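Take a look at the structure below.
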Amino acid sequence: MSIVTILWPMVAAAALTLGTIQLLIWFQHREKWERVVFFLMSLATAGMALTELGMMTATTGAEFGFALRWNHVPVLLNFFAIVGFLLLHLRAGRVWLAVLAIGIRTVALVINFLLHPNINFREITGVRQVDFLGDQVSLAIGRPNPLMAFAQSALLVLLAFAIDVTVTVWRRGEKKRALLVGGSLVFFIVAGTIQAVLSHWGLVDVPAIGSVYFLGMIVVTTFDLSRGERRAAQLSGELAESEQRMTLAAEAANMGIWIRYLANSEIWASDQWRTLFGFAPEDSLDFEKVMGRLHPEDRESVRQSLDEAVARGGRYDAEFRLLLPDGGIRWISAHSRVESDEKGRPLLVRGASRDCTARKEAELETQLLRQEITHVGRVSMMGQLASALAHEINQPLGAILRNAEAAEIFMRHESPDLDEIRAILADIRRDDQRAGLVIERMRSLLKRHDLDTRPLAASELIAEVASLLRGDAAARRVNLEVAVFGNLPTVSGDRVHLQQVLLNLIINAMDALDGGPEISRCVTVTAHATDVGMIEIAVSDRGPGIPEDKLARVFDPFFTTKSAGMGMGLSISQTIVQSHGGRLWAENNPDGGATFRFTLPTSGNEVAP
Amino acid sequence: MSAPTVHIVDDDAPFLAAISRLLRAHGFAVRTFSSADKFFAQREENAAGCVVADLQMPEMDGLELQAALARTRYPMPLLFLTGTGDIPSSVRAVRCGAEDFLEKLAPQEKLIAAVERALARDLRERRERARRHEVRNLFATLTPREIEVLSLVVRGKMNKQIAGELGIHERTVKLHRTAITTKLGVPSVAELTRLVQELESFPKRQ
């Protein structure tokens with residue numbers, strides 16, 4: 001067996017193998033037609049290799065002529081394939097050049113089959129043996145046909161087309177690709193053309209070996225075609241890495257990840273998520289099973305918001321409670337995203353859930369503390385005062401009533417016990433005085449001598465109240481800003497009372513923003529020293545402001561614009577500020593909203609109210 | 001047994017004096033106490049009557065007094081008076097069996113009606129307690145064997161069956177039955193059954 005009879009079938013086999021791989025890929029991605037074209041290229045190259053083998057192993061002139069004649073068929077097929085591949089895969093090249101090259105080659109093929117023995121030779125008288133790769137191969141002896149030049153001119157047109165493609169791709173900016181695909185194509189076409197011309201015209205004693213050049217082209221284009229696959233491999237490596245990073249991040253944040261498939265309500269969830277929601281890793285999950293884990297009080301609202309999110313698409317945030325199998329409560333903060341197909345139909349919801357119990361508990365604690373302070377502020381100042389007043393005053397009033405009723409009954413006796421009645425009247429008088437004293441004591445409660453005054457840092461006072469109100473402000477989507485200018489001197493005041501003034505003013509400001517546009521929901525608290533031994537604290541909002549005719553009346557007791565308000569907050573606040581020796585007033589901002597300002601004397605500058 | 005007494009507990013002395021005057025004028029026997037502690041220390045155990053207590057008191061308040069009173073052998077109906085009635089306390093008080101919950105300035109008629117209702121309830125409850133005591137004492141005279149026989153008799157068993165179940169002679173069963181009817185003072189099986197049912201309807205804890 002000679003080396004050629006091994007090598008050329010190998011060329012054919014290699015070409016077919018590469019082609020078949022691309023054909024198989026095409027079966028999975030039917031839109032990639034260049035892979036079918038590539039398969040044709042490999043088929044043609046295999047055909048060329050086999051016909052070339054026929055020529056090289058021919059023992060008579062007739063055999064050689066027959067093989068050469070049929071060699072033109074795969075060559076034309078290769079023309080189609082190369083042109084098609086370049087047009088489809090690189091999307092470049094002038095179509096008329098392609099048509100011209102194929103046209104010439106087609107005409108040449110027709111002529112080839114009309115003439116005998118083929119288009120290359122007028123006659124083949126025999127074969128001669130030459131050395132090739134250390135082997136003996138056959139070459140034709142005969143007269144070349146000048147028409148062969150016509151067939152070979154098609155190679156020049158194809159070369160022009162390949163150069164055109166290369167330049168276009170280069171100009172498009174894909175220089176590496178232009179060099180690799182275009183450059184190697186040009187190289188192989190040039191080399192193939194020269195070799196074919198020299199061989200067939202009998203200028204050198206070398207057999208026609210076009211298939212080898214075409215195999216070269218196939219290898220290069222395979223490399224280019226597999227760019228997608230190589231990129232995919234790289235991506236999958238990056239994906240694995242990215243997943244590792246995500247898992248680490250999710251673990252670190254104690255975050256569970258889940259996907260809900262809308263088609264069948266199935267749920268996939270990470271182990272972390274299962275731990276959070278109290279499911280075992282092997283439990284099968286569906287939507288209803290997960291909903292069953294939610295706290296009954298939160299279940300319906302979560303279901304409703306989820307349905308809305310799915311219908312609306314996009315992102316969705318929720319906070320809700322779980323009722324765990326052991327009876328415990330766990331707060332979950334979930335962020336999820338609805339993903340839809342190209343037609344906008346929701347496919348799945350992807351989300352991340354986190355245990356936020358600690359934060360929630362802290363929030364609730366602050367809320368409670370705030371309520372307590374507000375209670376001290378709003379209730380203890382008003383409601384609790386009223387309640388205490390009622391209790392204190394009902395005691396003597398009740399005694400007076402019962403005494404009077406008893407006296408009436410005693411008077412109905414035929415001989416009333418006058419001593420007893422005198423005692424009753426004395427008691428009534430005493431209880432009446434007692435009731436009067438209660439009222440007097442209430443009146444003096446807010447007077448200065450009841451204040452627990454100490455030196456206070458205004459910035460601390462503001463910071464305390466602001467931190468108490470942060471949660472409330474966030475819930476009401478109000479931006480609470482604090483700006484304290486410079487190093488303020490301390491003021492002399494009663495911390496709890498002044499906290500209540502600030503709370504009152506800030507809550508009023510937030511109330512004024514309710515229903516307004518979110519962008520302008522901002523409450524600003526500022527403090528600065530004035531030049532006369534006072535500091536001034538201002539609370540500004542961007543609400544609708546106060547109508548000019550009501551500006552003077554807002555501090556009147558029982559004046560309110562709120563449906564649920566008692567109209568006492570500002571009145572009490574003013575009393576407190578005045579009892580500290582300061583002043584509280586309101587003004588409208590030139591650019592909208594209202595500002596409440598109050599002054600307090602700095603320590604050592606107290607003046608009698 | 002002494003006349004039913006209204007026990008008034010209030011830390012406010014002038015009010016205590018006034019309300020005791022009024023209730024005395026209406027003909028009630030009254031005792032006053034200035035704190036819940038004093039009430040428990042000085043009250044006559046098993047006295048007939050009721051308690052009228054202020055809800056807000058220093059140290060032991062009205063609700064605590066109510067709970068402590070419920071734990072004693074001789075509880076008394078109780079009604080609250082308060083300077084300011086708040087809903088949670090009143091709900092709790094009534095749920096724990098308070099006869100009523102009145103403001104200190106409540107109309108006289110309402111106050112008197114409530115006191116009368118409380119005294120009537122005390123009378124009823126005392127009668128029931130006495131009856132329970134009596135029935136329990138009757139049954140306490142039975143021997144364990146007699147109780148065994150009795151439990152089978154009230155289930156409708158014949159003497160022969162009882163003898164078989166307890167493994168004793170039928171004649172002995174008859175002797176036990178005679179002893180039971182004599183001790184309990186009821187001649188017929190129907191009466192006996194009714195008495196046992198009454199005993200079983202009593203609260204278990206005493």
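Model, not experiment: these values are computed from the prediction. Note on naming: letters A, B, ... go to the chains in the order of the sequence lines (proteins, then strands), and numbering restarts at 1 for each one.
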NZ/NE/NH1/NH2 to OD/OE distance under 4.0 Å, B/Arg73 and B/Glu45 = no

For A/Arg430, is it the side chain, the backbone, both, or neither that has a heavy atom closer than 4.5 Å to a heavy atom of chain B?
-> side chain

Against chain A, label B/Leu23 side chain, backbone, both or neither, depending on which of its atoms sit under 4.5 Å from a heavy atom there.
-> neither

Would one find more than 12 heavy atoms of other residues, nucleotides or ligands at under 6.0 Å from atom CZ of B/Arg145?
-> yes

Between the side chains of B/Glu148 and B/His176, is a donor N or O closer than 3.5 angstrom to an acceptor N or O?
-> no

Contact part of A/Leu397 toward chain B, heavy-atom cut-off under 4.5 Å: side chain, backbone, both or neither?
-> both

Which atoms of A/Ala423 come close to chain B, meaning under 4.5 Å heavy atom to heavy atom: side chain ones, backbone ones, both, or neither?
-> both

Donor-acceptor side-chain pairing of B/Arg126 and B/Asn46 below 3.5 angstrom = yes

Could you look at A/Ile424 and say if it's the side chain, the backbone, both or neither that has a heavy atom under 4.5 Å from chain B?
-> both

Kindly state whether the ring of A/Phe320 and the ring of A/His295 have centres lying under 6.0 angstrom apart.
-> no

